[in-house]
Number of protein chains: 2
Amino acid sequence: MRPAATPADPAAAVVTPETSPPGTVLPDGGRPLRADAARNREAVLTAAEEEFAARGLEASISAIARRAGIAKGTVFRHFATKEDLATAIAARHARELTAIARRLRGSTDPEAALLEFLTEAAGRLQRRRVAVLMTVPAPGSELDRLQREVHDAVVPLVDEARAAGVLREDVTGTDVFLLMCAPVHTVDALADPPPELWRRYVGVVFDGLRPAGASPLAHPAPTWR
Amino acid sequence: MRPAATPADPAAAVVTPETSPPGTVLPDGGRPLRADAARNREAVLTAAEEEFAARGLEASISAIARRAGIAKGTVFRHFATKEDLATAIAARHARELTAIARRLRGSTDPEAALLEFLTEAAGRLQRRRVAVLMTVPAPGSELDRLQREVHDAVVPLVDEARAAGVLREDVTGTDVFLLMCAPVHTVDALADPPPELWRRYVGVVFDGLRPAGASPLAHPAPTWR
DNA sequence: GCACAACATGACCGAGCGGTCAACTTGCTA
DNA sequence: TAGCAAGTTGACCGCTCGGTCATGTTGTGC
């Protein structure tokens, strides 16, 4: 029989993260990974990102393993379930968006800042096609928390733009958060879209958020979760 | 052995459509269906629409059959493959959109007409969640033709609105066709969206299409297929 | 350089899928 | 109302999937 604490279940391992050297890969607060394991873990994440991008959530673990050049079992050693793997990728994406939003906060040009955020978000979404992975997560889950983090980082950006008079009065941070993915989805209906076409629809959506020519909206703003 | 011409392969059946009484169900130009078969066919379509709406393209034929109250084999009698079934539903949707666009053409109020089209399209999309089924079809396929039909019906609507000065100069029919689904996708990121929230984003997108406050778009307009 | 925990491997499992078909039932026509 | 083509059925097939695990391999601390 195997030891009770398998690495795929990090919660079961007793860990002292402070003792590990800085810069070491610590998967979710676990002990540092062995060198080969760290390499493989990264290979799985990269392969999965590509495979999910190409085939959506139906991408198979076998195909991901093949692309990463390792055996299927190894994938499951690092990510207990397929869902865990998808979550890890979506989480990485969410963390990036949060960082971008926080960096742009307090800009002297709130209009440019908001536009840059929308552009960065759509661009990443386009490149990684991670949209499918951003579906509504289980309440209280890690991804749920990370999505809220993105949302909460967007709100001040929107507030600043509105205060500066470059954004319509009736639009909220939640609106912008939701509209973030629209330009990429828009392009998806095309068989072979020009790789930068999404920028066009970022423009259209952004113009729809401007005060000039804004007509009253038919429905009150939603609240986040 | 079975007779060579199975109903699931209508092309193999010799047919004289003119001889059948009007109003009879004629699946793709075949002979009229028996009463029970016509009932079942409709039940399959309804069940599939609901099941695809709930679970997307991964909805299983078994589940659809169960929901329709018939055996799995019967589903395959009416639709040779799962893809055929999905196509039939998407085709129904496309035909409706084409009809709406054609009806609204030549309106005395092109602005209201365009808004009504966008609202109708988004509303249907929201109710039937048929968006997943509208993915890029095989070139030359029936669905490809029907999508082009919708597209071509939208173009004059957009041209009229532009000519009336209620639409920005740099927006094309293809743009509007692509943006049609955006409001529904926008709402999808919410766990439990208010059922009419999509109307809010129809408003935002439509305002983005107005001439007032329009800024130059970053990318040239796409062409359709 | 040894010893052992950590890690990698791939054959294997049960479940569920899309799709088939021989046997049975039923609506329609003459 | 008899006869039969049209329609229905559900057991069955081959296949792929996510996930497991006994066995073999390897990086690492001493």
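Excluded from the calculations below are hydrogen atoms, water molecules and symmetry mates; all remaining heavy atoms, backbone and side chain alike, are included. Just so you know, these numbers come straight off a predicted model, no measurement behind them. In what follows, chains are A, B, ... by sequence order, proteins preceding strands, each numbered from 1.
In this structure, CG of B:D36 is placed 9 Å from P of D:dT9, rounded to the nearest angstrom. Residue B:I70 contributes atom CD1, which lies 15 Å from atom C1' of D:dA6 at whole-angstrom precision. What separates CZ of A:R39 from P of C:dC7 is a distance of 13 Å, to the nearest Å. Distance CD (A:E58) to P (C:dC17): 14 Å, rounded to an integer number of Å. The separation between B:D84 atom CG and C:dG18 atom C1' is 13 Å, rounded to whole Å. Between B:I61 atom CD1 and D:dC12 atom C1' the separation is 17 Å, expressed in whole Å. To the nearest angstrom, C1' of D:dA6 lies 10 Å from CG of B:L33. Counting to the nearest Å, the P atom of C:dG16 and the CD1 atom of B:I64 are 17 Å from each other.
For B:A37, the side-chain atoms get nearest to D:dG7 when compared with the rest of D:dG7, D:dT9, D:dG18. The B:A35 side chain lies nearest to C:dC28 when the options are D:dC17, C:dT9, C:dC28.
No donor-acceptor distance shorter than 3.5 angstrom exists from the side chain of B:D175 to the backbone of B:V171, with no hydrogens or angles considered. For the pair B:R200 (side chain) and A:H219 (backbone), a donor-acceptor distance under 3.5 Å is present. A side-chain donor-acceptor contact under 3.5 Å links A:K82 to the backbone of A:A59.
A parallel orientation is assigned to the rings of A:W224 and A:H151, their planes being inclined by less than 30° (bins at 30° and 60°).
Residue A:H78 places no side-chain N or O under 4.0 Å from the OP1 or OP2 atom of C:dC7. Taking side-chain N and O atoms only, A:N40 has a distance below 4.0 Å to OP1 or OP2 of C:dA8. Dashed line: the shortest gap from a side-chain N or O of A:R77 to OP1 or OP2 of C:dC7 is under 4.0 Å.
Residue contacts for B:A59: at a heavy-atom cut-off of 4.0 Å it reaches the sugar-phosphate backbone alone, with no base atom in range. In this structure, B:T74 reaches the bases: a heavy-atom distance under 4.0 Å links it to at least one base atom across the strands shown.
Between the side chain of B:K72 and the base of C:dG19, a donor-acceptor pair under 3.5 Å is found.
Both B:R34 and B:T81 lie close to DNA chain C; mapped to their nearest nucleotides by heavy-atom distance, the more 5′-ward contact belongs to B:T81.
Under a 4.0 Å N-O distance rule, the pair B:E49/B:R92 qualifies as a salt bridge.
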